[in-house]
Amino acid sequence: MDTNWRAGSAGDTHISIAQVRAHPRFEDAKALLIDGLAGLYIDDARLRTLIEYEKGVTFMLIASLDALRDPDDPAGGVSMQVLNEVLPNMGIAPGRRIADLVANLRRDLLLDVVPDPRDRRARLLRATERGVAADCEWLGVFHAPLALLRPEVDYRPVLERRTSYQKAFRIAGLRTLEIANEIMSANPPMDYFVQEAVGFRVLMILMQSVRGNPDNRTAPGFYSRAGGQGGVSRTHVRNVLKGAAERGFVTLSERPGDYVELSQTLIDAFDRWVGESLSSIDRVRTLSGYP
């Protein structure tokens, strides 16, 4: 039996990228992650776009910094100044773009805003209970495949959506902020879909649709199906995939809508992203102090 994938006993270091990719249940874990992300927040129109890169990263940074807050400290919270200093390092333009993202998160009831007692002209951002619950759900989706790969490790705190784990994970994640941006920037196919509006969800639905198909092609009607699930028009899905086709990531049928075929470049890039993402998530778990 091949044992190269083994990550060791519970309490050892996080699972490595190579160990994720070589694991005999990698395909099962990948399918679990795809299904989780394709369906994440699907029943809540206000939360659907939280899986998009800029909005998701902005919220996760605020949630991480807010996790450091003493709940009894009236001066606790995250300032816009901090966001404008940190988010540009993660590929998000400062100024108006960050202000728009924060306003969007407030409209979605994920953030509260309170006056800064040290400067009444300034405002502090805090994650709401709804925001923390949404974050717990996101963490659950990324940890479920790890629980499949590492049954010897106790992932119950996150799978049960305990807010204590969310807080510990987000605080630990502040030490690895650069990882998410590095994973995407070094992976052009994934970066393309992440940067497109609703592109990340379209990609997950695409991966679902070709699962088990030896020709890596979808059935007819993918544009409409993905649009319905993603809350966007058929035309928007087609445009996202047209851009992907121009970059060699997919092939589109000559008659529009008959099929979308994944290139080997996209398949390999996606598998690499799964390995890197799961390994980095498990790394933060170990840094959080949970067993």
Side-chain angles (χ1 to χ4, degrees), residues 17 20-21 25-45 47-57 91 138 141-142 144-145 148 180-181 183-278:
I17 298 169
V20 172
R21 296 289 302 276
R25 298 203 67 184
F26 173 73
E27 290 298 326
D28 294 333
K30 180 172 71 172
L32 189 59
L33 181 60
I34 290 169
D35 291 347
L37 288 170
L40 187 60
Y41 313 132
I42 203 68
D43 295 325
D44 190 330
L47 292 183
R48 284 178 192 162
T49 57
L50 193 56
I51 72 170
E52 294 185 20
Y53 179 77
E54 289 191 341
K55 186 174 180 181
V57 167
W138 186 95
V141 166
F142 272 92
L148 187 68
N181 189 45
I183 288 175
M184 291 301 182
S185 61
N187 192 327
M190 292 302 298
D191 189 56
Y192 168 75
F193 281 99
V194 165
Q195 297 299 335
E196 291 294 307
V198 197
F200 192 62
R201 195 181 299 276
V202 168
L203 176 60
M204 296 305 149
I205 299 169
L206 180 60
M207 288 296 176
Q208 277 185 321
S209 299
V210 303
R211 186 183 300 153
N213 297 345
D215 57 4
N216 294 315
R217 288 183 176 181
T218 68
F222 176 77
Y223 297 160
S224 297
R225 185 164 61 255
Q229 287 182 246
V232 294
S233 69
R234 178 182 184 277
T235 299
H236 180 78
V237 174
R238 184 189 64 194
N239 288 339
V240 169
L241 292 174
K242 182 179 179 182
E246 291 169 351
R247 291 163 174 79
F249 305 150
V250 301
T251 298
L252 307 180
S253 57
E254 289 188 13
R255 190 170 70 176
D258 277 0
Y259 66 81
V260 180
E261 181 180 334
L262 275 63
S263 71
Q264 193 60 47
T265 296
L266 179 57
I267 293 169
D268 292 344
F270 189 84
D271 284 357
R272 184 167 71 252
W273 173 78
V274 171
E276 291 171 344
S277 296
L278 294 183

Chemist: Looking at Ser224 and Arg234, what are the two nearest heavy atoms and their distance?
Modeler: OG-CD, 3.3 Å
Chemist: Could you tell me which residues satisfy salt bridge (charged side-chain N to carboxylate O under 4.0 Å, His left out) with Asp35, sequence neighbours excluded, listed by chain and number?
Modeler: Arg211
Chemist: For side-chain contact (heavy atoms from CB on, under 4.5 Å), just list the numbers for Val237 and Phe222, CA-CA rounded to whole Å, side-chain angles, deciding distance to a tenth of an Å, and then say yes or no.
Modeler: CA-CA 9 Å; Val237 174; Phe222 176 77; 4.2 Å; yes
Chemist: Look up atom CD in Gln208 and atom CG in Leu37, then write down how far apart they are to the nearest 0.5 Å.
Modeler: 9.5 Å
Chemist: Tell me the closest heavy-atom pair linking Leu47 and Tyr41, and the distance in Å.
Modeler: O-CD1, 3.3 Å
Chemist: For the pair Arg201 (side chain) and Ala38 (backbone), establish whether a donor and an acceptor sit closer than 3.5 Å, ignoring hydrogens and angles.
Modeler: yes
Chemist: Counting the benzene-type ring for Trp, do Trp273 and Tyr192 have ring centres under 6.0 Å apart?
Modeler: no
Chemist: To the nearest 0.5 Å, how far apart are CD in Gln195 and CD in Glu52?
Modeler: 10.0 Å
Chemist: Quick one: are Phe270 and Asn187 in side-chain contact, heavy atoms under 4.5 Å?
Modeler: no
Chemist: Would you check, one step at a time, whether the test side-chain contact (heavy atoms from CB on, under 4.5 Å) holds for Val198 with Gln229?
Modeler: CA-CA 10 Å; Val198 197; Gln229 287 182 246; over 6 Å; no
Chemist: Could I get the full list of side chain to side chain contact (heavy atoms under 4.5 Å, CB included) partners for Asp268, not counting sequence neighbours?
Modeler: Gln264
Chemist: For the CE atom of Met207 and the CD1 atom of Ile205, what is their distance to the nearest 0.5 Å?
Modeler: 12.5 Å
Chemist: Minimum heavy-atom separation for Val141 to Leu33, with atom names?
Modeler: O-CD1, 3.8 Å
Chemist: Work out which heavy atom in Pro145 is nearest to a heavy atom in Ala29; give both atom names and the distance.
Modeler: CB-O, 3.6 Å
Chemist: Atom CE in Met190, atom CZ in Phe249: separation rounded to 0.5 Å?
Modeler: 10.5 Å
Chemist: Hey, mind stepping through Leu206 and Leu241 against side-chain contact (heavy atoms from CB on, under 4.5 Å) and telling me if it holds?
Modeler: CA-CA 10 Å; Leu206 180 60; Leu241 292 174; 4.2 Å; yes
Chemist: Quick one: side-chain hydrogen bond (donor to acceptor under 3.5 Å, both in side chains) partners of Trp138, sequence neighbours excluded?
Modeler: none
Chemist: Mind checking side-chain hydrogen bond (donor to acceptor under 3.5 Å, both in side chains) for Thr49 and listing every partner two or more places apart, or none if nothing turns up?
Modeler: Lys55
Chemist: Where is the tightest heavy-atom contact between Leu278 and Phe142, given as atom of each residue plus distance?
Modeler: CD2-O, 3.5 Å
Chemist: Closest approach of Gly275 and Val20, non-hydrogen atoms and distance?
Modeler: CA-CG1, 3.8 Å
Chemist: Tell me every residue that passes salt bridge (charged side-chain N to carboxylate O under 4.0 Å, His left out) with Glu261, counting only those two or more places apart in sequence or in another chain.
Modeler: Arg217
Chemist: Apply side-chain contact (heavy atoms from CB on, under 4.5 Å) to Phe193 and Leu266, showing your working.
Modeler: CA-CA 11 Å; Phe193 281 99; Leu266 179 57; 4.1 Å; yes
Chemist: Roughly how far, to the nearest 0.5 Å, is CG of Leu32 from CG of Leu148?
Modeler: 6.5 Å
Chemist: For the atom pair CZ (Arg21) and CG (Asp271), what is the distance rounded to the nearest 0.5 Å?
Modeler: 5.0 Å
Chemist: With a 3.5 Å distance limit and no angle check, can you tell me whether Asn213 reaches the backbone of Ser209 through a side-chain donor-acceptor pair?
Modeler: yes
Chemist: Within the distance-only criterion (no hydrogens, no angle test), does the side chain of Thr218 pair as donor or acceptor with the backbone N or O of Tyr259 below 3.5 angstrom?
Modeler: no
Chemist: With a 3.5 Å distance limit and no angle check, can you tell me whether His236 reaches the backbone of Ala197 through a side-chain donor-acceptor pair?
Modeler: yes
Chemist: Apply salt bridge (charged side-chain N to carboxylate O under 4.0 Å, His left out) to Glu196 and list each qualifying residue two or more places apart in sequence or on a separate chain.
Modeler: none
